[in-house]
Amino acid sequence: MGEEGTGGTVHLLCLAASSGVPLFCRSSRGGASARQQLPFSVIGSLNGVHMFGQNLEVQLSSARTENTTVVLLVGLEELTNIRNVERLKKDLRASYCLIDSFLGDSELIGDLTQCVDCVIPPEGSLLQEALSGFAEATGTAFVSLVVSGRVVAATEGWWRLGTPEAVLLPWLVGSLPPQTARDYPVYLPHGSPTVPHRLLTLTLLPSLELCLLCGPSPPLSQLYPQLLERCWQPLLDPLRACLPLGPRALPSGFPLHTDILGLLLLHLELKRCLFTVEPLGDKEPSPEQRRRLLRNFYTLVTSTHFPPEPGPPEKTEDEVYQAQLPRACYLVLGTEEPGKGVRLVALQLGVRRLLLLLSPQSPSHGLRSLATHTLHALTPLL
């Protein structure tokens with residue numbers, strides 16, 4: 001799905017593949033969730049075009065007007081043997097918060113990078129030790145601490161979850177309305193697509209939640225409030241220090257160049273990332289514009305400049321020259337004159353890739369040096 005301009009509307013339409021019955025339609029306008037729904041006549045027309053194309057072995061995936069995009073999702077054949085459409089539509093309502101967060105202007109980027117959005121707490125080792133102790137006390141290996149949909153700390157078991165699960169679970173928690181505690185059934189796309197697990201969440205502080213992925217036990221009553229207070233009450237100050245990390249991702253006082261308006265750091269092997277467009281306070285452009293610029297730049301460099309790394313060359317008697325892949329690129333929007341436009345630079349070293357959005361004051365000839373220095377400073381964190 002492409003980025004829409006200001007005021008553009010995106011409709012996500014899910015149809016049953018065999019019957020064309022609309023299962024749900026969610027809409028966003030200008031990056032925010034909207035109540036506007038597609039008229040039934042439009043849905044019927046789109047389904048008619050879809051069915052006509054299907055007979056010709058052509059799949060309709062989206063339809064566009066000047067300021068509107070409609071995205072059609074057609075389920076896999078094995079998922080469309082629907083016995084009761086109304087029951088399915090009711091069950092799908094539990095996913096609306098998550099779906100709306102994907103359509104809106106999210107502060108996260110894991111949907112694009114397929115890496116887990118993370119933050120770096122000031123006292124990470126202390127929180128990690130407490131998390132491991134809590135996991136042992138509850139008898140589950142899958143525990144994480146999440147602030148505003150970003151992982152603060154997690155057990156080894158949690159990090160071993162597959163890519164879709166590891167990205168979607170904290171995103172789901174961040175998309176749900178605030179609650180003191182939850183016992184939420186979830187299906188894991190790779191780990192358990194047919195049998196639901198329990199996602200237990202316990203709110204430690206506003207927007208800071210403890211998450212457990214488990215089976216029938218432990219009961220929620222066993223965790224809240226006695227065990228929760230015993231394990232986490234002594235760590236109230238380190239937990240409070242996590243709250244500002246939602247939008248900033250990095251600890252307060254971390255040294256960053258004043259020209260940096262936003263950054264995205266990816267660890268390609270661990271499938272984790274740090275993403276912020278608010279590193280040093282308020283400047284132009286707006287946070288929404290910065291996120292859009294970095295997302296578009298990530299798409300550009302990933303598809304064009306930084307293809308997947310080639311495997312090790314086979315050992316042969318004749319050495320074959322291996323083409324060098326680019327390690328850095330930059331983009332100037334506006335003009336290269338100092339003080340005008342914005343600068344974007346990407347740098348890849350080993351398993352890490354860094355993207356920076358820089359102010360117009362940053363000279364083009366110094367972009368790679370600034371990116372290299374920043375990457376070296378961030379490397380111990382991720």
Side-chain angles (χ1 to χ4, degrees), residues 107-110 112-122 124 150-152 241-242 244-302 304-306 309 325-334 336 338-382:
E107 296 181 356
L108 308 178
I109 201 168
L112 182 63
T113 64
Q114 290 303 294
C115 293
V116 180
D117 285 277
C118 300
V119 299
I120 305 299
R150 302 163 176 87
V151 175
V152 179
C242 296
L245 295 177
R248 194 174 189 274
L250 298 170
S252 177
F254 184 84
L256 283 177
H257 197 282
T258 55
D259 284 349
I260 297 177
L261 302 178
L263 68 85
L264 170 61
L265 174 65
L266 303 109
H267 195 296
L268 303 176
E269 188 174 272
L270 297 178
K271 293 292 185 182
R272 305 176 197 174
C273 68
L274 299 175
F275 180 51
T276 178
V277 293
E278 302 178 32
L280 297 169
D282 295 333
K283 291 182 181 179
E284 292 294 333
S286 68
E288 293 77 12
Q289 291 172 314
R290 296 184 196 184
R291 280 192 290 270
R292 189 175 298 113
L293 286 168
L294 275 171
R295 289 177 71 95
N296 289 342
F297 187 53
Y298 171 83
T299 302
L300 172 67
V301 300
T302 302
T304 306
H305 302 300
F306 296 146
E309 294 287 344
L325 293 174
R327 286 292 176 263
C329 65
Y330 75 92
L331 177 66
V332 175
L333 297 179
E336 291 205 27
K340 296 184 179 180
V342 294
R343 282 87 169 108
L344 292 137
V345 59
L347 176 70
Q348 182 160 324
L349 292 176
V351 296
R352 292 176 178 84
R353 182 180 300 165
L354 175 67
L355 283 71
L356 295 178
L357 173 65
L358 301 166
S359 70
Q361 285 74 29
S362 192
S364 301
H365 61 80
L367 296 181
R368 182 168 183 173
S369 174
L370 193 157
T372 302
H373 176 79
T374 305
L375 181 56
H376 287 161
L378 292 169
T379 292
L381 304 183
L382 185 63

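Considering every non-hydrogen atom in both Leu356 and Leu294, the closest pair reads C-CD2, 4.2 Å. Smallest separation of non-hydrogen atoms from Pro247 and Glu278: CB-OE1, 3.7 Å. Across every non-hydrogen atom of Arg352 and Leu265, the tightest pair is CB-CD1, 4.4 Å. Contact record, Pro244 with Ala241: CD-O, 3.4 Å, taken as the closest heavy-atom pair. Of all heavy-atom pairs between Cys273 and Leu382, the closest is CA-CD2, 3.9 Å. The two residues Pro287 and Val277 make their nearest non-hydrogen contact at O-CG2, 3.8 Å.
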**Report entry** Check against side chain to side chain contact (heavy atoms under 4.5 Å, CB included), Leu358 and Tyr330
**Finding:** CA-CA 11 Å; Leu358 301 166; Tyr330 75 92; over 6 Å; no
Query raised in the report: Going through the distances and angles, do Thr379 and Leu349 end up as a side chain to side chain contact (heavy atoms under 4.5 Å, CB included)?
Result: CA-CA 10 Å; Thr379 292; Leu349 292 176; over 6 Å; no
**Report entry** Trace of the side chain to side chain contact (heavy atoms under 4.5 Å, CB included) decision for Leu270 with Val116
**Finding:** CA-CA 9 Å; Leu270 297 178; Val116 180; over 6 Å; no
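No side-chain heavy atom of Ser369 sits under 4.5 Å from any side-chain heavy atom of His373. Annotation: side chain of Cys118 is not in contact with side chain of Arg150 (no heavy-atom distance under 4.5 Å). The closest side-chain heavy-atom distance from Val119 to Thr276 is not below 4.5 Å. Counting heavy atoms from C-beta outward, Thr374 and Leu347 have side chains that stay 4.5 Å or more apart. Contact annotation: the side chain of Phe275 never approaches that of Glu107 to less than 4.5 Å [non-hydrogen atoms, C-beta and beyond]. Two residues are said to be in side-chain contact when any heavy atoms from C-beta on lie closer than 4.5 Å; Leu264 and Thr113 meet this criterion. Contact check for Leu245 versus Pro121: side-chain heavy atoms found under the 4.5 Å cut-off. Looking at heavy atoms from C-beta onward, Leu261 lies in side-chain contact with Pro285 at the 4.5 angstrom threshold.
Atom CG of Leu378 is separated from atom CG of Leu250 by 6.0 Å, given to the nearest 0.5 angstrom. To the nearest 0.5 Å, atom OG of residue Ser359 and atom CG of residue Asp259 are 3.5 Å apart. Taking SG of Cys115 as the start and CG of Leu108 as the end, the distance is 13.0 Å to the nearest 0.5 Å. Rounded to the nearest 0.5 Å, atoms NE2 (His305) and CZ (Arg327) are 14.0 Å apart. Between Ile120 atom CD1 and Phe254 atom CZ the span is 9.0 Å, to the nearest 0.5 Å. Between the CG atom in Leu370 and the NE2 atom in His365 there is a gap of 11.5 Å [rounded to 0.5 Å].
Panel note: side chain Arg290, backbone Gly262; no donor-acceptor pair is recorded below 3.5 Å. In this structure, the side chain of Asp117 engages the main chain of Gly110 through a donor-acceptor pair within 3.5 Å. A donor-acceptor pair under 3.5 Å is absent between the side-chain atoms of Arg292 and the main chain of Arg295, judged by distance alone. Within the 3.5 Å criterion, the main-chain N or O of Ala328 finds no donor-acceptor partner in the side chain of Arg368.
Among Leu268, Val301, Leu354, the one residue that satisfies the side-chain contact (heavy atoms from CB on, under 4.5 Å) test with Gln348 is Leu268.
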